[in-house]
2 protein chains.
Amino acid sequence: MGSHRKGGERLERRTRGPGAHHEERRNQIADAVLAIVADRGLAAVSLTEVAAEAGISPGRVQHYFPAKQQLIEAAFDRGNALSAARIRRLVGRDLADADPRSVLTTVLTELIPYDATTRAHMRVRQSFHALAFADERIAARLRVLYDDLHRRVAALVDPGRPDMEAALSLVALAEGLAAYVLIGHTPPHVARERVLHAIAEVYR
Amino acid sequence: MGSHRKGGERLERRTRGPGAHHEERRNQIADAVLAIVADRGLAAVSLTEVAAEAGISPGRVQHYFPAKQQLIEAAFDRGNALSAARIRRLVGRDLADADPRSVLTTVLTELIPYDATTRAHMRVRQSFHALAFADERIAARLRVLYDDLHRRVAALVDPGRPDMEAALSLVALAEGLAAYVLIGHTPPHVARERVLHAIAEVYR
């Protein structure tokens, strides 16, 4: 979880006082949930486990997140914020100023797990998909996430005439490949190569 | 679950006696597990729930499947057998004699949920993916499933020179789209259209 915490530091608001501390504690708990989901799946998330992983008391966890559902949603938000921060870091400059194709390549290849952090992120996302079958609130959050992601990818493919269908296929391909990488079927470099091939096709 | 049972009847061996009864009972239990996973997810699978869904005693379930892991694996096999039978029915003739492009279209579009049965099948498959993170045996079964599926798709794309990379992308795309359909993000006809577009591209 070292990398989650490290990434997290860059996300925190540069404020002092109780507000900043509150935010830091919430992130610490969300990171603990992410670590548990990545290691043992959503079923293993409990007040006791999260408290142990975060190194604080169960009462403290409950103070910030009274119900398990809120823990799960906090982890979802945290995972997405960390992923967005990672992409900004990799692109190395303001996304709006960078070359669209290079941003698109970063956004899509970041969906393919290649280290502990990206593996954890995609495991969490896949677990949320499974959870969404029985939980309409999680399903609604995933729909918002994908609407936003597909829209951004469409604008990168062609800012003048965003192609939502092409964007849908590109993201679906990357996520489908990510699922094969996670189960140890497809080597990360093969999945990555397929994504690069698909990007080359849309820019043809 | 009506459609699962109906499909199941076609799969049973045309034998009589205790062997056939045994097989029928195992299928009945596996169908109950599939129904529970589709409705409420893998976490809801328990001896009591499966017995209630199948309409038999918990002792009877345990006699056939002593541990939960075996129930899960039986449901996995059953789901795949039902899916294969559905594809054979749709193609309407021996797969080896049919037009490769029409078989490929059927195999890939069957991955996109469009009714209760296909939705159940893809929910079960996605749940198995999530389970595979914590269970190497399930992961190994998924790898075998995909090896086989990709190999068959590659042979349909070009029997003379099977293109495993193209097959990998086609199946990953269909499954990535299926995940969006399952969470209510992408309408089935849009996902289906993207799959047909990708098939047209490889046959170009």
Side-chain angles (χ1 to χ4, degrees), chain A residues 37-44 111-112 119-120 122-136 138-147 149-150 164-186 190-191 193-195 197-198 201, chain B residues 37-44 111-112 119-120 122-136 138-147 149-150 164-186 190-191 193-195 197-198 201:
Chain A
V37 176
D39 286 347
R40 285 164 284 154
L42 274 169
L111 293 172
I112 308 294
R119 208 154 38 236
M122 288 309 291
R123 277 185 168 208
V124 167
R125 193 176 278 195
Q126 281 233 334
S127 300
F128 278 110
H129 270 271
L131 197 65
F133 302 155
D135 188 331
E136 174 47 32
I138 295 286
R141 300 199 75 148
L142 281 170
R143 289 197 292 270
V144 171
L145 170 82
Y146 285 115
D147 267 344
L149 181 55
H150 296 157
M164 286 302 282
E165 276 70 36
L168 180 67
S169 287
L170 279 173
V171 182
L173 171 68
E175 290 209 293
L177 290 165
Y180 300 154
V181 173
L182 286 181
I183 58 165
H185 176 276
T186 305
V190 172
E193 203 279 318
R194 295 315 298 163
V195 169
H197 181 266
E201 288 286 306
Chain B
V37 175
D39 287 346
R40 287 166 283 156
L42 273 169
L111 293 172
I112 309 292
R119 208 153 40 236
M122 289 309 291
R123 276 184 172 209
V124 167
R125 193 178 278 193
Q126 281 232 336
S127 300
F128 278 110
H129 270 271
L131 195 66
F133 302 156
D135 187 331
E136 173 48 31
I138 295 286
R141 300 198 73 147
L142 281 170
R143 288 196 293 271
V144 171
L145 170 83
Y146 285 115
D147 266 344
L149 181 56
H150 297 157
M164 286 301 284
E165 276 71 35
L168 181 67
S169 286
L170 279 174
V171 182
L173 171 67
E175 291 210 292
L177 291 165
Y180 299 154
V181 173
L182 286 181
I183 59 164
H185 176 276
T186 305
V190 172
E193 203 279 317
R194 296 315 298 162
V195 170
H197 181 266
E201 288 285 306

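We name chains A, B, ... by the order of the sequence lines, and we start the count at 1 in each one.
- In this structure, the side chains of A:Arg125 and A:Leu145 come closer than 4.5 Å at one or more pairs of heavy atoms.
- Residue with the most contacts toward chain A among B:Val144, B:Leu168, B:Leu182: B:Leu168 (heavy-atom pairs, distance under 4.5 Å).
- Using a distance-only test at 3.5 Å, with no hydrogens or angles considered, no donor-acceptor pair links the side chain of A:Arg40 to the main chain of B:Ala134.
- For the options A:Asp135, A:Ile138, A:Leu177, heavy-atom pairs under 4.5 Å to chain B are most numerous at A:Leu177.
- Proximity of A:Arg123 to A:Val37: side-chain heavy atoms (C-beta onward) are nowhere separated by under 4.5 Å.
- Only the side chain of B:His150 comes within less than 4.5 Å of a heavy atom in chain A; its backbone stays farther off.
- Ranked by non-hydrogen atom pairs under 4.5 Å with chain B, the options A:Asp39, A:Val171, A:Val190 are led by A:Val171.
- With chain A as the partner, the residue from B:Glu193, B:Glu165, B:Glu201 showing the most heavy-atom pairs under 4.5 Å is B:Glu165.
- Scored by the salt bridge (Lys or Arg N to Asp or Glu O under 4.0 Å) test, A:Arg119 finds no partners at all (sequence neighbours excluded).
- A:Ala132 touches chain B through its side chain: at least one heavy atom from C-beta onward sits under 4.5 Å away, while N, CA, C and O do not.
- Under the ring-ring contact (aromatic ring centres under 6.0 Å, His included) criterion, B:Phe128 pairs with B:Phe76, sequence neighbours left out.
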